[in-house]
2 protein chains.
Amino acid sequence: MGERRKLDGETKARMEARATVMKALAHPSRLFIVDELSRGERCVCELTEMIGADVSTVSKHLALLKKAGVVLDERRGQQVFYRLRVPCILNFFGCVEVVLEEVDRSKLEAVS
Amino acid sequence: MGERRKLDGETKARMEARATVMKALAHPSRLFIVDELSRGERCVCELTEMIGADVSTVSKHLALLKKAGVVLDERRGQQVFYRLRVPCILNFFGCVEVVLEEVDRSKLEAVS
DNA sequence: CCATAAGTTGGCAATATAGCCAAAACCTCT
DNA sequence: AGAGGTTTTGGCTATATTGCCAACTTATGG
């Protein structure tokens with residue numbers, strides 16, 4: 001006994017898989033997209049106008065989210081609509097907000 | 001009415017704050033650290049041995065997690081112990097696993 | 001078929017991350 | 001103070017990410 005856990009191949013592979021999902025969510029525009037899609041499906045043109053970046057940029061963000069399994073796309077006519085694939089993603093942000101509050105709180109304490 | 005939501009300054013700032021936290025979690029080694037810390041506090045040397053990277057590398061990962069508000073550190077003698085600051089972080093991974101299962105499932109469907 | 005609109009893809013330049021080594025900073029013990 | 005163990009920081013290179021433009025694809029409507 002006393003064998004210490006290691007970041008072996010299997011564990012590493014699992015962490016890399018998780019990291020792929022987290023990376024997909026680790027960008028302001030993509031977080032905005034997820035937040036917006038939580039209210040319902042949106043086409044690329046709508047998201048593009050809201051974000052105010054080039055269409056190609058938004059398209060690449062969406063492709064990344066799709067590849068990570070966070071969103072689904074569906075073409076209808078000229079437009080492509082995206083929607084959240086996994087609703088539980090939203091639970092993330094509750095905790096993220098808790099973290100942010102902690103950070104704020106400790107900054108205030110540092111002053112006092 | 002009909003005013004479309006925009007990624008304005010305030011929203012952008014909030015998304016950037018969230019992205020900082022997500023970025024901190026968007027790396028295999030850091031995810032491993034969080035997973036390991038969920039079992040209890042660990043010193044830098046323990047984590048370093050488990051991960052198998054240079055101590056300086058692990059130390060920088062920990063500094064990043066700390067800056068993002070995910071972990072706390074405490075020096076005791078020569079060693080510095082780290083622990084999770086916000087337990088709800090762990091809820092993340094349940095959902096991440098759901099996403100990963102979705103991705104796997106759609107790959108299987110693509111074959112059939 | 002041609003024009004137009006919506007999205008995607010390729011390519012490039014700017015920026016950000018990651019990881020190692022070396023050096024400094026901290027602690028403990030003698 | 002000096003030795004040795006633990007952690008952080010600085011600096012550097014290699015790699016990855018981002019965002020724009022331009023070119024291409026796909027669908028609609030005349």
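When the P atom of C/dA5 is taken as reference, atom CD of A/Gln79 falls 13 Å away, rounded to whole Å. Distance, A/Leu64 CG to C/dT8 P: 13 Å, rounded to whole Å. Between the NE2 atom of B/His61 and the P atom of C/dT17 there is a distance of 13 Å, rounded to whole Å. B/Glu74 has its CD atom 18 Å from the P atom of C/dC26, to the nearest Å. The CG atom of B/Leu65 sits 14 Å away from the P atom of C/dT17 (whole-angstrom rounding). For the pair A/Lys67 NZ and C/dT8 C1', the computed distance is 15 Å after rounding to whole Å. Summarising the geometry, the separation between CD on B/Gln78 and P on C/dT30 is reported as 12 Å, rounded to the nearest angstrom. Residue A/Lys66 contributes atom NZ, which lies 10 Å from atom C1' of C/dT8 at whole-angstrom precision.
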ask   = Going through the distances and angles, do A/Cys43 and A/Val80 end up as a side chain to side chain contact (heavy atoms under 4.5 Å, CB included)?
value = CA-CA 5 Å; A/Cys43 68; A/Val80 178; over 6 Å; no
task = Take A/Arg85 and A/Val71 through the test side chain to side chain contact (heavy atoms under 4.5 Å, CB included) and record every step on the way to the result.
result = CA-CA 5 Å; A/Arg85 182 172 193 169; A/Val71 302; 5.6 Å; no
query = Are B/Ser38 and B/Asp35 close enough, and set up right, to give a side chain to side chain donor-acceptor pair (under 3.5 Å), and what steps lead you there?
reply = CA-CA 5 Å; B/Ser38 74; B/Asp35 193 78; 4.9 Å; no
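Annotation: cation-pi pair B/Arg18/A/Phe93 present, NZ/CZ under 6.0 Å from the ring centroid and within 45° of its normal. Geometrically, A/Arg76 engages A/Phe81 in a cation-pi contact, judged by NZ or CZ lying under 6.0 Å from the ring centre and within 45° of the ring axis.
The cluster map of Ile, Leu, Val, Met, Phe, Trp and Tyr, joined by side-chain heavy atoms under 4.5 Å apart, puts A/Leu90 and B/Ile89 in the same cluster. One hydrophobic cluster, built from ILVMFWY side chains closer than 4.5 Å, holds both B/Val98 and A/Val34. Note: the hydrophobic cluster containing B/Leu65 also contains B/Val55 (ILVMFWY, side chain heavy atoms under 4.5 Å, direct or indirect links).
For the OP1/OP2 pair of C/dC27 and a distance below 4.0 Å, the side-chain nitrogens and oxygens of B/Arg76 include no atom meeting the criterion.
Using a 4.0 Å heavy-atom cutoff across all strands shown, A/Tyr82 reaches sugar-phosphate atoms only and no base atom.
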Between the protein and nucleotides 9-13 of chain C, list every N/O to N/O distance that falls short of 3.5 Å.
| residue | atom | partner | partner atom | Å |
| --- | --- | --- | --- | --- |
| C/dG10 | O6 | A/Lys60 | NZ | 3.1 |
| C/dG11 | O6 | A/Lys60 | NZ | 2.5 |

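Where A/Arg30 and B/Val58 meet DNA chain D, the nucleotide closest to each residue was compared, and B/Val58 sits on the side nearer the 5' end.
Close approach of DNA chain D to chain B, defined as any atom under 4.0 Å from a non-hydrogen atom of the protein, starts and stops at D/dG4 to D/dG11.
Heavy-atom contacts from other residues, nucleotides or ligands closer than 6.0 Å to CD of A/Glu109 number more than 12.
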